[in-house]
Number of protein chains: 2
Amino acid sequence: MSRPLNRPLTLRDVSEASGVSEMTVSRVLRNRGDVSDATREKVLRAAKALGYVPNRIAGSLASQRVNLVAVIIPSMSNMVFPEVMTGINRVLEDTPLQPVVGITDYLPEKEEKVLYEMLSWRPSGIILAGVEHSDASRAMLRASGIPVVEIMDTDGTPVDAMVGISHRRAGREMGEAIVRAGYRRIGFMGTKMALDHRARKRFEGFTQALARAGIEVADQEFYSGGSALSKGRELTAAMMARSPDLDFLYYSNDLIGAGGLLWLLEQGYDIPGQIGLAGFNGVDLLHGLPRRLATMDACRDEIGRRAAEIIVARTADPVRAVERIVTLAPTIERGDTLRPL
Amino acid sequence: MSRPLNRPLTLRDVSEASGVSEMTVSRVLRNRGDVSDATREKVLRAAKALGYVPNRIAGSLASQRVNLVAVIIPSMSNMVFPEVMTGINRVLEDTPLQPVVGITDYLPEKEEKVLYEMLSWRPSGIILAGVEHSDASRAMLRASGIPVVEIMDTDGTPVDAMVGISHRRAGREMGEAIVRAGYRRIGFMGTKMALDHRARKRFEGFTQALARAGIEVADQEFYSGGSALSKGRELTAAMMARSPDLDFLYYSNDLIGAGGLLWLLEQGYDIPGQIGLAGFNGVDLLHGLPRRLATMDACRDEIGRRAAEIIVARTADPVRAVERIVTLAPTIERGDTLRPL
DNA sequence: CTGAAAGCGCTAACAC
DNA sequence: GTGTTAGCGCTTTCAG
């Protein structure tokens, strides 16, 4: 029972089946130019009957237009990125543009490779996460001659356009809020940050805010891999054993924060009196936990939307000036784990 | 400060810059055929200096080969699918094939549209979720003449190949395990299942297993949208208020199950003595909860891997016979919420 | 080992 | 409204 590996149909097949020239068939199928209703009917019928699917490879080569937008992100399992994708999708849905996703696994070399692959398809625009890229990547982006939007982070200089939040500032503001709420013995937990620039920047902003208040991070711990929730438990248990006098824990993401929260509640800690907690991201998931973790929205959906809008605007009219740098302002959600002022 | 919307480079540019014919430049860039080291050097140097990125549109048209694999899934925020993607990626990484993702939002019309779009790029293979598709979609798949692997679910007839688990059987087995553990007053909570065929099949298998034991589902509730964790709480609270005598709750996914678990623990229920719980999927997240929810692994990663392997095998050698139907066998993880036998 | 010619399937641009 | 012509940038094929 082998399937019929038959030659794919071409415009010519539809042309012959309908008795209309290839050119007119092409016009009908693309809704371009005036075609009489009679011919249109004939063509559509023939195309459907044959099951013709146009060949965009040929079409794109001929028209020098490719309605693809390359979206390059570090990971799909990080929750954050699917949400950014949702924002992008919503905007592109109303346009002829189609997103195509590439994954870098947070590896600069892989980013370079993926970018090269993507560019070889001559997309209409590129959206990529982060502002730190290899020299080769930057060169490719610049040479591509297409709109490029770097997203998530605005602490840096974009090749072209940029949409995101300042993670340094996000960390700083959370640090300030914590200090203002009266906490003094503060621990930090997060991913190993060698390649996670945004986590690093949040940490930098955070320590800076503490420093201004004359406080140092009392304890810290970094992890990699594994289920974030249980990591949060483990790290928290270990840190509280080591530094039982801590009165606040700042987590680099909500999931490990949630794990810590669950553990502390089980141990009978008084939250947020005895100890306060905060995470980062504002993930939806938190809404089902026993307490709402204090966090900061990363504006994921809006970042996706704004980035896509820039691509759309530039694609429609490459000349018109559009905002090049969009800095969104995340707000602190105090939840139930950050003492009220 | 407008960017240089310059003409993209072509092989010809590299040819002229290096003084080597276009044809030989092409050979060097694709590592095909024998080229002297001297020329190879010259070409590579020129290409890099110019920042040349080949045009795959033209290349694919000429060679009639496109190294893309279309992957069509309902959603990216469902956790399940990113994990399937991971499996697919791992296999394709070692090949020239590249996955391209399309999202259907569980809508048949959208699936049809996305499929059409994808096919218009003449991919080397298609992986798509589910076995229920519109007639038009099936027709397109059949006419495409390329390997098609339907994934997740094996309760149905594939167009070509199929990799997944039997959701009907999964539901049945969980039902049997619950009955065997001695539970009798059983409630069910899940998504509205009009378009989620897999959830529906699990439910069918589940009720069938209960029926065989002379039991009917004592209460049931369906939801849509919202944060799954808090939905789980709400649904559970409502159901326990309505049917306080339930001794088991079966959830159509782990996230709402986790929400229910948290709520029940807070209310002081004795789990699994007074009331037992089970979900579906085996999501990693559960490992950080106060109790491990009983669940059933959906084999997401393996499904992705096996599907990709089929595509790879068929692409390498369209004639060689490969398994057409791969039914994986998920096992029950009893966790801490299903009474031991 | 290298090059020249032909054409992949479609569309831009121009006739009629 | 509809058809004709000439490529798009590359690779296949064949000749040297």
query = Rounding to a whole Å, what distance do you find between Glu22(A):CD and dG7(C):C1'?
reply = 14 Å
inquiry  = Whether Arg90(A) and Asp301(A) form a salt bridge (side-chain N of Lys/Arg under 4.0 Å from carboxylate O of Asp/Glu) is what I want to check.
reply    = yes
ask   = Just how far, in rounded Å, is C1' of dC10(C) from CZ of Arg122(B)?
value = 11 Å
task = Please check the phosphate of dG9(C) (OP1 and OP2 only) for any side-chain N or O of Arg12(A) closer than 4.0 Å.
result = no
note = For Leu50(A) and Ala17(A) the tightest heavy-atom approach is CD1-CB, 3.9 Å
note = From CG of Leu11(B) across to C1' of dT11(D) the rounded distance in Å is 9 Å
message = Please determine whether a side-chain nitrogen or oxygen atom of Ser63(A) lies at a distance below 4.0 Å from atom OP1 or OP2 of dC10(C).
response = no
ask   = Please give, in whole Å, the distance from dT11(D) C1' to Arg56(B) CZ?
value = 14 Å
request  = Round to a whole Å and report the spacing from CG of Asp13(B) to C1' of dG9(D).
outcome  = 11 Å
request  = Could you tell me whether the phosphate oxygens of dG3(C), OP1 or OP2, come under 4.0 Å of any side-chain nitrogen or oxygen in Ser21(B)?
outcome  = yes
request  = Go through dC10(D), dC1(C), dG1(D) for me and flag the one nearest to the Ser36(B) side chain.
outcome  = dC1(C)
ask   = With respect to the side chain of Gln64(B), which nucleotide from dG3(D), dG9(C), dT12(D) is positioned closest?
value = dG9(C)
query = Can you check the Leu29(B) CG to dT11(D) P distance for me, whole Å?
reply = 8 Å
key: NZ/NE/NH1/NH2 to OD/OE distance under 4.0 Å, Lys110(A) and Asp105(A)   = yes
note = Per atom distances to the Ala62(A) side chain, the nearest of dG3(C), dC10(C), dG3(D) is dC10(C)
key: Touch class at under 4.0 angstrom, heavy-atom based, for Arg65(B) against every strand present   = sugar-phosphate
message = It should be established whether Ser26(A) places a side-chain nitrogen or oxygen under 4.0 Å from OP1 or OP2 of nucleotide dT11(C).
response = yes
key: Short side-chain N/O contact to dC10(D) OP1/OP2 from Tyr52(B), under 4.0 Å   = yes
Separation of Ser134(A) OG from Met140(A) CE (nearest 0.5 Å) = 6.0 Å
request  = Name the closest nucleotide to the Met23(A) side chain, picking from dC10(D), dA13(C), dC10(C).
outcome  = dA13(C)
query = For Thr24(A) and dG3(D), is the shortest distance between a side-chain N/O and OP1 or OP2 below 4.0 Å?
reply = yes
message = Below the 4.0 Å mark, does dA12(C) have OP1 or OP2 next to a side-chain nitrogen or oxygen of Arg30(A)?
response = yes
ask   = Between Asp13(B) and Arg7(B), is the closest basic N to carboxylate O distance under 4.0 Å?
value = yes
request  = Identify whether any heavy atom of Ser60(B) sits under 4.0 Å from a base atom; if not, whether one sits that close to sugar-phosphate; answer base, sugar-phosphate or nothing.
outcome  = nothing
query = Of the nucleotides dT2(C), dG7(C), dG9(C), which has the atom closest to the Leu61(B) side chain?
reply = dG9(C)
task = Counting heavy atoms from C-beta on, name the nucleotide in dT11(C), dC10(D), dG9(C) closest to the side chain of Asn55(B).
result = dC10(D)
message = With a 4.0 Å cut-off on N to O distance, would you call Glu117(B) and Lys113(B) a salt bridge?
response = no
message = Output the rounded distance in Å from CG (Leu9(A)) to P (dC10(C)).
response = 9 Å
ask   = Nearest-Å distance, CZ (Arg27(A)) to C1' (dG3(D))?
value = 7 Å
